[in-house]
Amino acid sequence: MVGARFALEPGRGRSTVPVRSALVGAVVGVLGVLAAFTFSAGVSDAASHLARFGQTWQLTTFLGYNGHDFGPASRVLRAVAADRDVTGVDDARIGGAQSGQVSIETFTYAPVAGKRSAVVLTAGRMPASPDEIVLAPTTAQEMDAKTGSVVRLTGGTPVLRTVRVTGIGFVPPGPHNGYADGAWLTPAGYDRIFAGAHYEFKFHAATVSLRAGTDVRAAARRLNAAAAAIPGGRAVTFTPPDPIPEIQEIQDLELLPVALSAFLVLLAISAVGHALSIAVRRRRHELAVLRALGITRWQARLVVTTQASLLTLIGLIFGVPLGIALGRAIWRTVAGFTPLAYHPPVAVLALLLIAPMALLAANALAAWPQRRAARLHAGQILRSE
C-alpha cells in the first residue's frame, strides 16, 4: 500500500514527489521502444518479401520490341508453363497510353496455360472486361483516380477510350516505368485502347512465378534450355529481375526511430530514477514512522520495489498498445510514400521481452533507493522532526 502511494500520490509541501513526470516517462519509454521495433519489423518484412513491392515473380524476359518478336514467343511460353516448378506465367504486351499529361505504361494480364501469376493489389480487383483497368499507385495519384473512377485513355491514335478503374496494384518494372507506375488491362482491353496504333506493342515481355523453395538460378538454366530447344527460341532468355532500389531507401530509414527510442528510454530512466530517489528522501518521515511501528528492513526495501514495479506496469499497460499503434502508423505512412503493400508489422521478440526487461531496469534503478530506505535511522529522523 505504501509503495503504491509513493508511486501514485504526488503529496504536498516538502513531501511532493514528481509522480506525473515519472508516469509519463515510463509510458513514453515503453511507447518509444515498441514503436521503433514495430517499425523495424515492417522494414525487415518488406526487405525480405518482394511481394510487398508487387514482385511475385522470380524470372522475367523480353520477347519482342516495336511489334516484332525475337522468336516464337507463344511456343516458348507454353513450354515454360509446362515446367513442374512454374506456378504462373504472364504474357504481357506493353504499350504507352496517355491520359491528359500522364503517360501510362500498360501491361496485359494474360496467363499462359491456366497458370496465373499473382498480382498484388492495394485496393479493388483485377480488370475482367475490355472497359476496365487497374492503375499502379503512383499513376493513380498523378491522375487523381481511385477505385470506381472513370478515366479516358488514348493509345497511339487520337481516339479516346473510357475505362473504369477496378483496382490499384503494382506492375512489373520495365524500361520506361517502375513497379508503381503503369496499369493492367485485359488482352481485349489492350486491343481496344491500342486499336490503330502503328505497332501492336512497344515491348513484349513475360514474367514467371516459381514454386516456393525453387532454386531460381537452376530453374532459369532449365527454362532457357527448354526455350533453346525450340527453333528460334534461343533468343529468349529468362533472368531474375533487377533489385528494387526502394528497399535500400527504406532500410536507410530504420536507424532514425531506433535512435529516437534510445533517447526516449534515457528520458524514461531519468524520470523514473529521479522519482524513486526523491521519494525516499522526501518521505523519509513516513518510512521512519513505519520502521518505528515494526516494519523490517526487507519490508522497507519492498516499498521502493512496489513503487518501481507499479510505475513500470502502468508504463507497460499504456505504452505497449500506444507503441504498437504508433509504429504501425509510421510504417503505414512510409508504405504509402514508398509505395509498397502495407502489412501490419509485429515485433514478436520486443513484445516478449519488453515487460521483463522494463521491470528489470526499474528495479535496477530502485537498488540504491532501496538501500537508503532500509538503512534509515528511524529514531534520529523522528527526533529531528
Side-chain angles (χ1 to χ4, degrees), residues 54 57 59-81 88-117 119 126-136 139 143 151-167 169-179 181-209 223 227-228 230-239 241:
W57 40 84
L59 295 172
T60 62
T61 187
F62 276 99
L63 302 167
Y65 174 69
N66 279 351
H68 299 286
D69 284 331
F70 303 141
S74 297
R75 290 185 60 190
V76 168
L77 293 183
R78 285 196 299 271
V80 166
V89 180
D90 182 52
D91 183 0
R93 288 176 290 162
I94 307 171
Q98 196 78 17
S99 177
Q101 300 298 315
V102 180
S103 297
I104 308 169
E105 202 81 340
T106 58
F107 294 74
T108 57
Y109 184 69
V112 177
K115 292 191 172 181
R116 305 174 67 87
S117 295
V119 176
M126 288 294 285
S129 64
D131 60 349
E132 294 179 342
I133 191 171
V134 162
L135 296 178
T139 301
M143 298 175 64
V151 297
R152 304 183 73 188
L153 306 179
T154 180
T157 65
V159 180
L160 288 171
R161 305 291 185 182
T162 300
V163 291
R164 182 177 297 276
V165 179
T166 62
F170 299 105
V171 299
H176 296 165
N177 74 292
Y179 71 96
D181 308 292
W184 288 106
L185 291 168
T186 64
Y190 183 94
D191 293 336
R192 176 172 173 262
I193 296 294
F194 292 94
H198 184 65
Y199 293 117
E200 180 187 354
F201 54 79
K202 181 166 61 177
F203 299 107
H204 190 188
T207 58
V208 178
S209 302
L223 297 182
I230 298 172
R234 190 174 294 275
V236 179
T237 304
F238 294 90
T239 59

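- Checked against salt bridge (Lys or Arg N to Asp or Glu O under 4.0 Å), R192 has no partners two or more places apart in sequence or in another chain.
- A donor and an acceptor atom, one from each side chain of T166 and E132, are nowhere located under 3.5 Å apart.
- Put simply, the side chain of T162 never gets that close to the backbone of R152: no donor and acceptor are under 3.5 Å apart.
- In this structure, the side-chain hydrogen bond (donor to acceptor under 3.5 Å, both in side chains) partners of S129, at least two apart in sequence or on a different chain, are D131.
- Distance CG/L185 to CD1/I94: 12.0 Å, rounded to 0.5 Å.
- Residue pairs meeting the side-chain hydrogen bond (donor to acceptor under 3.5 Å, both in side chains) criterion with at least one member in residues 106-117, sequence neighbours excluded: S117-S209.
- Heavy atoms only, all atoms of each residue included: M126 and V134 are closest at CA-CG2, 3.8 Å.
- At a threshold of 4.5 Å between non-hydrogen side-chain atoms, the residues R164 and I133 do not count as touching.
- Between T157 and A195, the closest heavy-atom pair is CG2-O, 3.5 Å.
- The closest side-chain heavy-atom distance from F201 to D69 is below 4.5 Å.
- For the atom pair CG of D91 and CZ of F107, the computed distance is 13.0 Å after rounding to the nearest 0.5 Å.
- In this structure, the side-chain hydrogen bond (donor to acceptor under 3.5 Å, both in side chains) partners of D191, at least two apart in sequence or on a different chain, are R93.
- The shortest non-hydrogen separation linking P130 to T186 is CA-OG1, 3.9 Å.
- Applying the salt bridge (Lys or Arg N to Asp or Glu O under 4.0 Å) test to K202 and every residue at least two apart in sequence or in another chain returns E105.
- The aromatic rings of F170 and Y179 lie tilted to each other, with the angle between the two planes from 30° to 60°.
- Contact of the W57 side chain with the V208 side chain is not registered, since no non-hydrogen atoms from C-beta on lie closer than 4.5 Å.
- Residues F70 and H204 keep their aromatic ring centres 6.0 Å or farther apart.
- Considering only heavy atoms from C-beta on, I104 comes within 4.5 Å of S99 through its side chain.
- Between F203 and Y65, the ring planes lie tilted relative to each other; the angle falls in the 30° to 60° range.
- Proximity of V163 to I193: side-chain heavy atoms (C-beta onward) are separated by under 4.5 Å at one or more points.
- Residues P72 and G233 share a closest heavy-atom pair of CD-N, 3.8 Å.
- A pairwise comparison of heavy atoms in V76 and A227 identifies CG1-CB, 3.8 Å as the closest pair.
- Taking the side-chain contact (heavy atoms from CB on, under 4.5 Å) definition, one finds that D181 meets it with T138, T139, N177, sequence neighbours left out.
- Counting heavy atoms from C-beta outward, W184 and D90 have side chains that approach closer than 4.5 Å.
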Q) Can you list the steps and then say if T154 with Q98 is a side chain to side chain donor-acceptor pair (under 3.5 Å)? A) CA-CA 5 Å; T154 180; Q98 196 78 17; over 6 Å; no
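- Between T239 and L59 the shortest side-chain heavy-atom distance does not fall below 4.5 Å.
- Side-chain contact between L153 and L160 is absent, with no heavy atoms from C-beta onward closer than 4.5 Å.
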